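First up is the structure itself, then whatever we jot down about it.
Just so we're on the same page: letters track the sequence lines, and every chain starts at 1. Just so it is clear, the model here is predicted, and its values are computed rather than measured.
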Amino acid sequence: MCALSNFFEKYLNAEPIFETKKVLQSSYTPEVIPHREKQMEDVSRILAPALRADKPSNLFIYGKTGTGKTITVRYTLQELLKIAKKRKVPVESIYLNCKLKKVADTEYRLIAQLSRELGRDIPATGLPTEEVYKIFFSELEKREGLILLILDEIDQLIKKVGDELLYTLTRINAELENSQLSLIGISNDTQFTTYLDSRVKSSLSEEELLFPPYNALQLQDILKERADLAFKEGVLDDGVIEKCAAYAAREHGDARRALELLRVSGELAERNGDGKISIKHLDEAENKIERDKIYDLVETQPKQHQVVLYSILLVCEKRKERIFTGEVYEVYKEICTKIGLRPLTQRRVSDIIGEFDMLGIIYARVISKGRYGRTREISPSIPETTQPKIKKLLTKDLGLT
DNA sequence: CGAGATTCATGTGAAGTATACCTTTAGGCTTAA
DNA sequence: AAGCCTAAAGGTATACTTCACATGAATCTCGTA
């Protein structure tokens with residue numbers, strides 16, 4: 001028997017760990033959402049007028065990542081739509097995550113995407129934004145009912161394009177005759193509304209809800225709830241859930257992270273044919289998640305950005321100390337010529353470095369070195385251990401020797 | 001010695017350019033009457 | 001004459017470049033104690 005079929009045999013013989021894995025995936029909407037009863041009640045109270053074909057107040061929701069904002073809204077909405085359908089009340093909803101690059105990170109792209117959700121084909125470029133607004137508008141009008149527009153991670157978008165966009169959206173209602181639009185904004189940044197123009201602020205947050213972080217005990221409940229469904233019986237070692245919850249609680253009570261941790265631990269245990277999930281797997285999973293996230297991010301970056309990042313890593317390795325834009329740019333130019341890429345200007349590279357900072361791959365801060373000018377002080381915020389691997393990945397991706 | 005002035009290296013904003021793509025329109029060709 | 005296709009014209013969004021000015025503390029300068 002060859003090694004490969006041996007492997008498959010072994011895989012099949014190993015005890016499967018998962019019962020239904022999708023329960024742990026982030027797209028899953030559970031039947032019960034523990035410790036969010038209050039918030040669900042609030043959301044439904046605010047949205048309830050929709051069932052009488054009245055326009056609910058605009059709603060603004062804050063809370064750190066993984067505090068159940070998205071899921072609560074989605075669940076409540078799902079229920080509301082069910083009833084609306086039964087009673088034949090014309091209510092529709094559009095959900096859009098504004099963080100997705102190339103989908104909703106400019107005004108044009110946002111409106112275009114929304115129109116697409118309503119079933120119109122909009123080209124990626126070429127149309128006047130005004131025109132796209134008109135299309136969106138006419139689609140809305142065609143609905144002759146209520147539309148609930150959920151904009152997730154709205155802070156990301158507004159930071160980029162400014163708050164006029166929101167003003168326009170809130171004012172659309174005044175123009176609509178047959179339909180009505182309610183906005184539900186979801187933001188991870190609790191400070192977000194302070195950036196907003198007061199007019200926008202008052203019309204967007206007619207109602208506000210704050211989602212507090214989960215504490216360790218609550219996280220445990222959530223994890224147990226899902227683990228029961230997801231795993232076969234008895235595959236979880238004692239203390240795994242507790243440890244998992246503790247990990248996540250340390251990081252501002254991020255439930256999404258906790259669930260991911262549990263899922264990946266399971267996958268690791270299964271792959272190793274261990275048959276049981278132990279604390280050892282948890283640690284492994286934590287590393288793996290972090291790594292995968294960065295890998296993904298780096299891999300999907302445009303070539304120019306990759307070169308910039310590579311240069312940063314290179315310079316950083318050579319000089320352990322503080323590194324500056326100038327040095328990075330020099331190295332960047334060198335690499336560009338080496339791989340036959342036309343280098344971007346320093347102006348642009350400066351912006352790219354800023355983008356990386358936003359993404360959290362690096363840490364960059366503008367400092368003044370007095371007589372010696374003014375620059376950004378850059379350091380990677382990738383764990384030491386994964387840095388070489390990222391470098392290798394980039395080397396390969398860029399076709400460097 | 002200390003208050004201003006100077007200086008450096010790059011941040012940053014505004015305006016311009018290249019590219020890729022869109023719609024409209026006018027002309028040219030085909031077709032059918 | 002009507003219908004259909006094509007290519008040019010005129011327009012837009014986005015990523016990038018160019019230009020010009022802004023920054024801010026270390027360092028320099030120079031008047032004064």
Interatomic distance, F324(A) CZ vs dA25(C) C1' [rounded to whole Å]: 14 Å
Length of the CD-C1' vector between E130(A) and dT23(B), whole Å: 16 Å
Rounded distance in Å - CD (E355(A)) to C1' (dC16(C)): 12 Å
Side-chain N or O of Y372(A) closer than 4.0 Å to phosphate OP1/OP2 of dA25(C): no
Residue among K64(A), Q156(A), K69(A) satisfying side chain to side chain donor-acceptor pair (under 3.5 Å) with N188(A): K69(A)
Sugar-phosphate, base or nothing in reach of P343(A), heavy atoms under 4.0 Å: sugar-phosphate
Full working for side chain to side chain donor-acceptor pair (under 3.5 Å) between Y332(A) and Q304(A): CA-CA 9 Å; Y332(A) 161 81; Q304(A) 292 285 7; 2.7 Å; yes
Among dG11(B), dT14(C), dT23(C), the one nearest R374(A) by side-chain distance: dT23(C)
Whether R87(A) side chain and R52(A) backbone form a donor-acceptor pair below 3.5 Å: no
V366(A) side-chain proximity, nearest of dT14(C), dG11(B), dC16(C): dG11(B)
Presence of T325(A) side-chain N/O under 4.0 Å of dG11(B) phosphate oxygens OP1/OP2: yes
Closest non-hydrogen atom pair between Y310(A) and K391(A), with its separation: CE1-O, 3.8 Å
Candidates S93(A), P56(A), S179(A), P90(A) - the one meeting side-chain contact (heavy atoms from CB on, under 4.5 Å) with L146(A): P56(A)
Qualifying residue, where the test is side-chain contact (heavy atoms from CB on, under 4.5 Å) with L157(A) and the options are L166(A), L165(A), L151(A): L165(A)
Side-chain N,O (S368(A)) to OP1/OP2 (dA25(C)) below 4.0 Å: no
Atom-to-atom span, CD1 of I111(A) to P of dT14(C) - whole angstrom: 12 Å
Phosphate-side-chain proximity, R342(A) and dA15(C), N/O vs OP1/OP2 below 4.0 Å: no
Under-4.0 Å side-chain N/O to phosphate OP1/OP2 contact, S350(A) with dT10(B): no
Rounded distance (Å) that lies between atom P of dA25(C) and atom CD of E377(A): 14 Å
Spacing of E131(A) atom CD relative to dC21(B) atom C1', expressed in whole Å: 15 Å
Short side-chain N/O contact from T106(A) to OP1 or OP2 of dT14(C), under 4.0 Å: yes
R347(A) side-chain N/O to dA9(B) phosphate OP1/OP2 under 4.0 Å: no
Given dG11(B), dT18(C), dT14(C), the nucleotide with the shortest approach to the side chain of R376(A): dG11(B)
Value in whole Å for how far the P atom of dT14(C) lies from NZ of K160(A): 11 Å
Minimum-distance nucleotide (side-chain atoms of L344(A) versus dC16(C), dG11(B), dC22(B)): dC16(C)
Phosphate contact (dT27(C) OP1 or OP2) by R371(A) side-chain N/O below 4.0 Å: no
Nucleotide dT6(B), atom P - distance to NZ of K369(A) in whole Å: 23 Å
Of T125(A) and E327(A), the one whose closest DNA chain B nucleotide lies more 5': E327(A)
